[in-house]
Amino acid sequence: MRTYAPAFLLAAGAFAAITAADGRSATEFIAGGAVALSAIIVSGRRLADAAVFAFGFISIYVTALALAPTHIECGTAGTYTAVVESMRCGEKSQRGTCTLLDSAGRRMDGRRIALTIADIVPEVAPGDIVRFEAELRPTGRYKDIPHLGIQDSYERSMRVSAKAVVFRDGLTVTGHSHEWRFVPDGIRRTLEEHIYASQLPPDAARMLAACTLGGDIDTESSRAMRDAGISHLLCVSGFHVGVVAAVAALLLWPLIFAERLRHYRSHITLICVWGYALVAGFTPSVVRAAIMLSSFLIARILQRDTLSLNALALAFYLVLLLDPYNLFSAGFQLSFAAVAGLLLFARQINPVSPRRRIAHRAAASTFTPFAAMIATAPLMLLWFNRLPLSGIAANAIVAAIFPLYMCSGALTVLLGSAGIPAGAVASASDTLYRLIIWLSHFWADASNAISPAIYADTACLCALSAAIVAAAVLVNSKNRLRKRVAAACIALSVAVAGCSGPQTDSMIVADSYGNASSIVHAGSGTMRCFLADADTIAGEPYRRIATAYKAKTETVVLQADTCTALPDGRAVYVASGRGEPLPAKCDILLVSRKYKGELAPLLSALQPGTVLLSGALDYERRHAYTAACVRTSTPCHDLAEKAVALR
């Protein structure tokens, strides 16, 4: 433990700091406290170790406060000017983030917007200054809804204060920022142009650009790779950094025969790794891999040994120092968990002795993906509600093919840029691309057949995480007492995870989609969507709830100015202002977009237990109706702000 305690203490301080600075749930505070307690136990009475932990905590805490998003008033339409920070173009839309500018064109730090452009034109790139008309919407829409709150973590990782959707006629590119931070984006766009201008077929070129520089491929192929458990190949990650380092080391191999130049092999490889990290945009997984490779190469230059766990902990701290809110992103979590799994489990669970080199490496092709899956299982359930069991075999096969595809594709681009015909290489690259896509669909079908969607609650995920930590102690410790304690912890954690599951009591979720308001009732084997203001609703998020409760779905249209009984007996009244006689009382009052009268008479006559304001109401009415509810001490939920769960 002493060998890697300093870096562990830095990482522990970083984790505790971000949970203290932006923790939003009891689970996050408990996790941060547990890590801090572990650091205190490790440091003991050693003042130097305590100082390392304190340094890690204070540095990350200060950085988190400096980068924290600031509040933006939402609910009103307006015209805004912003500089685009990031942007990804899909098949039908563009999604990214932008920072608002003031009237003098100065950046307003902390006022970042998640911007969705509902078209692929005009094409917007990082660094562009845009002017758009939109209504800002708050973030955290589903943070209080079971099985839907993970969306809040994604928004936190982007550090956005609000969201906006704009159309092509409501957005104009007015200029471009020449800040140094956007220089790598310009280099990346130039490289993308060379890739698309090469002899590679369009689909193969698109995947090459996505997996080397970041981007998207067609939705069907992306979904197949995700279901097959190999979607990490599409994201610029440590795998791609490893390929770059391996290719650089291979090309520089002749230097080992030159006594004066052999030492520069590691230096040049180090420059190639960080150059690629710069062009790739310094994503968390790329920075993690670059730091770990740098630790290894620097140790080789200095002729010293290095410990992989120490390098991983150091990378954890440095990535969070760049942006503490990376902790809440799926890429960051999966990247570090996967590498930790490889370091803690891969060698230990391989049944073949390292002395039998060929057999050991053949077995490692299977057990290495399995080790990564062990460590990432809770996160896969949390983010994707799936455990792609077929991903073990898929990774073993596709991971061997993918570097060949990347190298052949890169060679095609290089030859084409030099004016050398590369038809044969492009054809080979396209064949490898088609093989990868075919294998993705094959393994995705197998995964969907043997691994249905799994919806685990917080208790189950925590118990599963505890079991994995105990398993790491069990396979790495040589102390018999520790092994027995770890085995007992595994048994207890598995029992807790098996007993947990979705709540069986009825739950009502209220939400709004544009002009449609809905009350979703889940329980008793059926999920019913009660709709107001519209006859249809985009119910994609609610399919997660229906699957979690193993319920069939039904749709009921609420009639205006009438009372409707919900399955649990509560009565909901939709107010639209047609002057119908009011019932004596209701449990839930839903104020639709058509209602334009005063709210006080309704509150006096109906005496509702809860008031729901449609998201389609204008800002002035929402403000007035909220004030009326406050005066009468009536609970009120603005569906334009967030969805609510009514137990």
Item checked: Those residues that, when tested against Arg159, pass salt bridge (Lys or Arg N to Asp or Glu O under 4.0 Å) (two or more places apart) -> Asp323
Checklist line | Any residue meeting ring pair (Phe, Tyr, Trp, His ring centres under 6.0 Å) with Phe167, in chain and number order, not counting sequence neighbours | finding: none
Item checked: Over all atoms of both residues, closest heavy-atom pair of Cys489 and Ala470 -> CB-CB, 3.8 Å
Check: Side chains of Glu28 and Thr19: donor-acceptor distance under 3.5 Å anywhere?
Finding: no
Notebook entry, point to check: Can you name the side chain to side chain donor-acceptor pair (under 3.5 Å) partners of Arg112, sequence neighbours left out?
Noted result: none
Item checked: Residue list, salt bridge (Lys or Arg N to Asp or Glu O under 4.0 Å) with Lys143, at least two apart or on another chain -> none
Margin query: Quick check on side-chain contact (heavy atoms from CB on, under 4.5 Å): which of Val591, Asp561, Thr562 does Tyr573 satisfy it with?
Written below: Asp561
Notebook entry, point to check: Any idea which heavy atoms bring Ala134 and Val166 closest together, and the distance?
Noted result: CB-CG1, 3.5 Å
Check: Residues two or more places apart in sequence or in another chain: which of them pass side chain to side chain donor-acceptor pair (under 3.5 Å) with Arg226?
Finding: none
Margin query: Under the rule for ring pair (Phe, Tyr, Trp, His ring centres under 6.0 Å), what residues qualify as partners of Phe332, not counting sequence neighbours?
Written below: Phe316, Phe336
Note to self: My understanding is that only residues two or more places apart in sequence, or in another chain, count here; which of them pass ring pair (Phe, Tyr, Trp, His ring centres under 6.0 Å) with Tyr325?
What the structure shows: none
Next item on the list: Of all the heavy-atom pairs spanning Gln94 and Pro122, show the shortest one and how long it is.
Entry: NE2-O, 3.0 Å
Note to self: Any donor-acceptor pair under 3.5 Å linking the side-chain atoms of Tyr142 with those of Asp511?
What the structure shows: yes
Check: Can you name the side chain to side chain donor-acceptor pair (under 3.5 Å) partners of Arg88, sequence neighbours left out?
Finding: Asp216
Notebook entry, point to check: Would the number of heavy atoms belonging to other residues, nucleotides or ligands and lying under 6.0 Å from CZ of Arg95 be above 12?
Noted result: no
Checklist line | salt bridge (Lys or Arg N to Asp or Glu O under 4.0 Å) against Asp119, all qualifying residues, sequence neighbours excluded | finding: Arg168
Item checked: Polar side chain donor-acceptor pair, Ser25 to Thr27, under 3.5 angstrom -> no
Check: Who pairs with Glu123 by side chain to side chain donor-acceptor pair (under 3.5 Å), at least two apart in sequence or on another chain?
Finding: none
Margin query: The criterion is ring pair (Phe, Tyr, Trp, His ring centres under 6.0 Å); which residues satisfy it with Phe370, sequence neighbours excluded?
Written below: none
Notebook entry, point to check: Hey, are Thr81 and Arg131 close enough side-chain-wise for a donor-acceptor pair under 3.5 Å?
Noted result: yes
Check: Do Val160 and Thr97 come close enough that some side-chain heavy atom pair is under 4.5 Å?
Finding: yes
Notebook entry, point to check: For atom OH of Tyr154, is the number of surrounding heavy atoms from other residues, nucleotides or ligands below 6.0 Å larger than 12?
Noted result: no
Notebook entry, point to check: Should Arg24 and Asp22 count as side-chain neighbours, where that means a heavy-atom distance under 4.5 Å?
Noted result: yes
Margin query: Taking salt bridge (Lys or Arg N to Asp or Glu O under 4.0 Å) as the definition, give me every residue that meets it alongside Glu135, ordered by chain and number, with sequence neighbours left out.
Written below: Arg137
Check: With a 3.5 Å cut-off and no angle check, do the side chains of Ser517 and Ser614 form a donor-acceptor pair?
Finding: yes
